[in-house]
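Below you'll find the structure, written out as structure tokens, and then a few comments.
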Amino acid sequence: MSTAGAGNSTSNSNEHAERFTLLRPLLFTIAYEILGAATESDDVLQESYLRWAEVDLDTVRDTKAFLAQLVTRQALNALRAQSRRREEYVGPWLPEPLVLAGDIAGTGDPSADVVLAESVSMAMMVVLETLTPDERAVFVLREVFGFSHDEIATAIDKSASAVRQMAHRARQHVQARRKRFEPVDLAESNRVTEEFMTAAATGDMDGLLALLAPDAVYTADSGGKASAARRPVVGAQKVATMLIGLFRAGDRVPGLAFERVTCNGEPAVMIRSDAGMEGVFTIEVIDGKITNFYAMRNPDKLIGVDIPRVISR
């Protein structure tokens, strides 16, 4: 009797693991878009799996919806705790950069899933930071992943009518701040980024200014734990001057090196020195001009930046 029970328990355990593993890229993407933090998203998934392992699978009608709701609840708990910490945060708060394993959704074409690509872009992630926790969860689950109002209501413990209202508010809020789900011309962005790196490294001020939008912005997140501007630097001239200074810092920082990478599906620059990881900044290009640099300098947010992530929706 006990042997049969043990066998059944093992079978259930295996099925729990298989279902969760199959959906893990989607679940990670939900957590990351709600939290803006890859390492905390890993923690959320771990906690969610422990809860999932206790669930009677015979009671689960839709595994995807069930796990999405479970992860959303855990992510919201983490986000609310995070929000309290932000009240004492030094300087701007930016989402953690995300290095993807391969391209968007493993399609072979980074822009093939336009909605997914835009949803994890740094510019969109910054806009999501301006929503309330519930609005953010509703927007992500509805607009990116296509869950029904009823499914979302279960996830955030609200009525379906309340979710509809939140979805409308969140959509209006995002649309006012971001041209949503428009495909990025990755080839153009990469070309502009290569030209930018050459101009910055050689101190070519005119060449750099030609690549920057007049109102270009450089925003750095240091948390007060690394040297960085504590307010956004605005205007092409100021941004160009600061960037040339950054690229010339190799004279003062042993082993300083700049590497072209891709973060959040966009061109980015990873900065290392003999001391380790110094920072990552993603580059937003619109109509052939660089409009935003989002620089992560907080060492706490750079710990897992080398870990490639698989996302999907």
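Computed from a predicted model, the values in this text were never measured in an experiment.
If you chain together hydrophobic residues whose side chains sit under 4.5 Å apart, Val305 and Leu35 never meet in one group. In the hydrophobic clustering of ILVMFWY residues, with side-chain heavy atoms under 4.5 Å counting as a link, Val44 and Val144 come out together. The hydrophobic clustering, which links ILVMFWY residues whose side-chain heavy atoms are closer than 4.5 Å, places Val60 and Leu26 together. Transitive grouping of hydrophobic side chains (ILVMFWY, heavy atoms separated by less than 4.5 Å) brings Val261 and Met296 into a common cluster. Hydrophobic clustering (side-chain heavy atoms under 4.5 Å, transitive across Ile, Leu, Val, Met, Phe, Trp, Tyr) keeps Val310 apart from Phe28.
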Please assess Ser189 against Glu266 for the test side chain to side chain donor-acceptor pair (under 3.5 Å), listing each intermediate value before the final yes or no.
CA-CA 8 Å; Ser189 295; Glu266 301 168 305; over 6 Å; no
Between Asp56 and Thr59, does the side chain to side chain contact (heavy atoms under 4.5 Å, CB included) criterion hold? Intermediate values first, please.
CA-CA 6 Å; Asp56 180 355; Thr59 66; 3.9 Å; yes
Test side chain to side chain donor-acceptor pair (under 3.5 Å) on Glu151 and Gln69 and set out the steps.
CA-CA 8 Å; Glu151 289 169 330; Gln69 290 160 352; 5.7 Å; no
Show your reasoning for whether side chain to side chain contact (heavy atoms under 4.5 Å, CB included) applies to Ile156 and Leu76.
CA-CA 8 Å; Ile156 68 170; Leu76 280 174; 3.7 Å; yes
Verdict with supporting geometry, Leu70 and Phe20, side chain to side chain contact (heavy atoms under 4.5 Å, CB included):
CA-CA 11 Å; Leu70 178 57; Phe20 194 92; 5.8 Å; no
Side chain to side chain contact (heavy atoms under 4.5 Å, CB included), that's the test. Do Thr63 and Leu23 meet it? Break it down for me.
CA-CA 9 Å; Thr63 301; Leu23 290 168; 3.9 Å; yes
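For the pair Tyr32 (side chain) and Val120 (backbone), a donor-acceptor distance under 3.5 Å is absent. Panel note: side chain Asn264, backbone Leu98; a donor-acceptor pair is recorded below 3.5 Å. A donor-acceptor pair is defined here as one N or O able to donate and one able to accept, closer than 3.5 Å; such a pair exists between the side chain of His16 and the backbone of Val55. Under a 3.5 Å cut-off, the side chain of Arg136 and the backbone N or O of Ile34 do form a donor-acceptor pair. Looking only at distances, a side-chain donor or acceptor of Thr198 sits under 3.5 Å from a matching main-chain atom of Glu194. Side-chain atoms of Thr130 do not come within 3.5 Å of backbone N or O of Val126 as any donor-acceptor pair. Panel note: side chain Glu135, backbone Thr132; a donor-acceptor pair is recorded below 3.5 Å. At distances below 3.5 Å, at least one donor-acceptor pair connects side-chain atoms of Arg142 with backbone N or O atoms of Phe147.
Lys158 contributes atom NZ, which lies 11.5 Å from atom CD of Gln165 (distance to the nearest 0.5 angstrom). The distance from atom CD of Glu33 to atom CZ of Arg313, rounded to the nearest 0.5 Å, is 9.5 Å. Rounding to the nearest 0.5 Å gives a distance of 9.5 Å between CE of Met205 and CG of Leu243. The CZ atom of Phe258 lies 4.0 Å from the CG atom of Leu256; values are rounded to the nearest 0.5 Å. Rounding to the nearest 0.5 angstrom, the gap separating the CZ atom in Arg19 from the OG1 atom in Thr21 is 12.5 Å. Between Arg171 atom CZ and Met166 atom CE the span is 12.5 Å, to the nearest 0.5 Å.
Side chains of Val192 and Ile290 form a contact here, defined as non-hydrogen atoms less than 4.5 Å apart. You'll find the side chain of Leu186 reaches within 4.5 Å of the side chain of Pro267, heavy atoms only. Counting heavy atoms from C-beta on, the side chains of Val239 and Thr241 never come closer than 4.5 Å. In this structure, the side chains of Leu128 and Val140 come closer than 4.5 Å at one or more pairs of heavy atoms. Within the 4.5 Å cutoff, side-chain heavy atoms of Glu47 are placed close to those of Arg51. Counting heavy atoms from C-beta outward, Met197 and Thr202 have side chains that stay 4.5 Å or more apart. Taking 4.5 Å as the limit, every side-chain heavy atom of Tyr49 sits out of range of all side-chain heavy atoms of Leu27. Under the 4.5 Å side-chain criterion, counting only non-hydrogen atoms from C-beta, Ile311 is not in contact with Pro25.
The pair Arg309-Asp42 meets the salt-bridge criterion, with a side-chain N (NZ, NE, NH1 or NH2) lying under 4.0 Å from an Asp/Glu carboxylate O.
Residue pairs meeting the ring-ring contact (aromatic ring centres under 6.0 Å, His included) criterion with at least one partner in residues 225-245, sequence neighbours excluded, are absent.
Residues satisfying the side-chain contact (heavy atoms from CB on, under 4.5 Å) criterion with Thr262, sequence neighbours excluded, are Arg260. Partners of Asp157 by side-chain contact (heavy atoms from CB on, under 4.5 Å), not counting sequence neighbours: none found. Partners of Phe145 under the ring pair (Phe, Tyr, Trp, His ring centres under 6.0 Å) rule, at least two apart in sequence or in another chain, do not exist in this structure.
Closest heavy-atom contact between Ala153 and Val163: CA-CG2, 3.7 Å. Closest approach of Gly203 and Arg248 over heavy atoms only: CA-NH2, 3.6 Å. Residue Ser48 comes nearest to Gln74 through the heavy atom pair OG-CG, 3.4 Å, listed as atom of the first residue, atom of the second, then distance. The two residues Leu100 and Gly265 have their closest heavy-atom pair at CD1-N, 4.0 Å. Nearest approach of Gly36 to Met125, heavy atoms of both residues: CA-CE, 3.6 Å. Of all non-hydrogen atoms in Met122 and Pro97, the two that sit nearest each other are CE-CA, 4.0 Å.
Ring pair Phe247/Phe196 is perpendicular by interplanar angle, where above 60° counts as perpendicular and below 30° as parallel.
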Could you tabulate the donor-acceptor pairs under 3.5 Å formed by side-chain atoms of residues 208-230, not counting sequence neighbours?
{"from": "Asp221", "atom 1": "OD1", "to": "Tyr89", "atom 2": "OH", "distance (Å)": "2.4"}
{"from": "Asp221", "atom 1": "OD1", "to": "Gly223", "atom 2": "N", "distance (Å)": "3.4"}
{"from": "Asp221", "atom 1": "OD2", "to": "Tyr89", "atom 2": "OH", "distance (Å)": "3.3"}
{"from": "Asp221", "atom 1": "OD2", "to": "Leu94", "atom 2": "N", "distance (Å)": "2.8"}
{"from": "Asp221", "atom 1": "OD2", "to": "Lys301", "atom 2": "NZ", "distance (Å)": "2.7"}
{"from": "Ser222", "atom 1": "OG", "to": "Gly224", "atom 2": "N", "distance (Å)": "3.1"}
{"from": "Lys225", "atom 1": "NZ", "to": "Asp300", "atom 2": "OD2", "distance (Å)": "2.3"}
{"from": "Ser227", "atom 1": "OG", "to": "Arg297", "atom 2": "NH2", "distance (Å)": "3.2"}

Identify all side-chain donor-acceptor contacts of residues 269-283 below 3.5 Å with residues at least two apart in sequence or on another chain.
{"from": "Arg272", "atom 1": "NH1", "to": "Asp306", "atom 2": "OD2", "distance (Å)": "3.4"}
{"from": "Arg272", "atom 1": "NH2", "to": "Asp306", "atom 2": "OD1", "distance (Å)": "3.1"}
{"from": "Ser273", "atom 1": "OG", "to": "Ala275", "atom 2": "N", "distance (Å)": "3.1"}
{"from": "Ser273", "atom 1": "OG", "to": "Glu278", "atom 2": "OE2", "distance (Å)": "2.5"}

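At a cut-off of 3.5 Å, with distance as the only test, a side-chain donor of Arg177 or His173 sits close to an acceptor on the other residue.
More than 12 non-hydrogen atoms from other residues, nucleotides or ligands lie less than 6.0 angstrom from CZ of Arg86. The neighbour count for Arg61 CZ, taken as heavy atoms of other residues, nucleotides or ligands under 6.0 Å away, does not exceed 12.
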